[in-house]
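The next block holds one structure in the form of structure tokens; read it before the comments.
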Amino acid sequence: MTILNDLDTTCGMTDDEMTERFKEAIRIDNEIKKIKGLPVAGYDEDKRMPYIEYADGSRKYAE
């Protein structure tokens, strides 16, 4: 059973579809930033820490 909220009925999309579109938009934005040489924020699941990754591939973890 799928529960619809006002956003679903207005846009005609499910919550899952909206989530997938959001994730794809973030991925595309990060690719554009990398191409332009701008830093990209991320999260390291192994270390459980946020980081900023620079164009040269180096990472600076939050303290």
Side-chain angles (χ1 to χ4, degrees):
M1 179 174 133
T2 303
I3 299 173
L4 297 176
N5 60 32
D6 291 335
L7 182 62
D8 293 334
T9 58
T10 304
C11 297
M13 290 184 240
T14 63
D15 287 344
D16 292 336
E17 186 177 355
M18 289 290 275
T19 300
E20 289 303 314
R21 287 180 179 219
F22 177 76
K23 288 179 182 179
E24 184 66 11
I26 296 300
R27 185 190 66 75
I28 291 169
D29 188 50
N30 285 344
E31 283 186 22
I32 291 169
K33 286 181 181 179
K34 285 181 182 181
I35 290 169
K36 291 182 176 181
L38 300 172
V40 176
Y43 186 78
D44 190 330
E45 293 289 337
D46 295 332
K47 294 183 179 183
R48 296 185 177 192
M49 294 181 69
Y51 63 84
I52 295 179
E53 185 173 351
Y54 295 95
D56 64 358
S58 64
R59 289 183 177 180
K60 180 177 180 185
Y61 288 89
E63 296 175 5

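Quantities reported herein were computed from a predicted structural model and do not represent experimental measurements. Computation of the quantities below employed the complete heavy-atom set of this structure, encompassing side-chain atoms and omitting hydrogens, waters and symmetry-equivalent molecules.
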Quick check: is I52 connected to V40 through a chain of hydrophobic side chains (ILVMFWY, heavy atoms under 4.5 Å apart)?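 The answer is no; the residues belong to distinct hydrophobic clusters.
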Side-chain contact test, heavy atoms from C-beta onward, threshold under 4.5 Å: evaluate it for K47 versus Y61 and give yes or no.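 Heavy-atom side-chain distance check passes, below 4.5 Å.
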Could you check whether any side-chain N or O of S58 sits under 3.5 Å from a backbone N or O of Y54, counting only pairs where one atom can act as donor and the other as acceptor?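 No, the answer is negative, given that no donor and acceptor are paired below the 3.5 Å cut-off.
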Is it true that, when you exclude F22 itself, more than 12 heavy atoms of the residues, nucleotides or ligands shown sit nearer than 6.0 Å to its CZ?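 Counting neighbours around CZ of F22, 12 or fewer heavy atoms of other residues, nucleotides or ligands fall under 6.0 Å, so no.
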Just verifying a value: how many Å separate N30 CG and I35 CD1, rounded to the nearest 0.5 Å?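 One finds 11.0 Å between CG of N30 and CD1 of I35.
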What's the spacing between M18 CE and D16 CG if we round to 0.5 Å?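 The distance works out to 11.5 Å.
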Taking only residues at least two apart or on different chains, which pairs with a member in residues 54-63 satisfy salt bridge (Lys or Arg N to Asp or Glu O under 4.0 Å)?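 Pairs touching residues 54-63 that pass the test: D44-R59, E53-R59.
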I need the full list of salt bridge (Lys or Arg N to Asp or Glu O under 4.0 Å) pairs touching residues 26-42, with sequence neighbours left out, sorted by first then second residue.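 Output for this query lists E24-R27, R27-E31, D29-K33.
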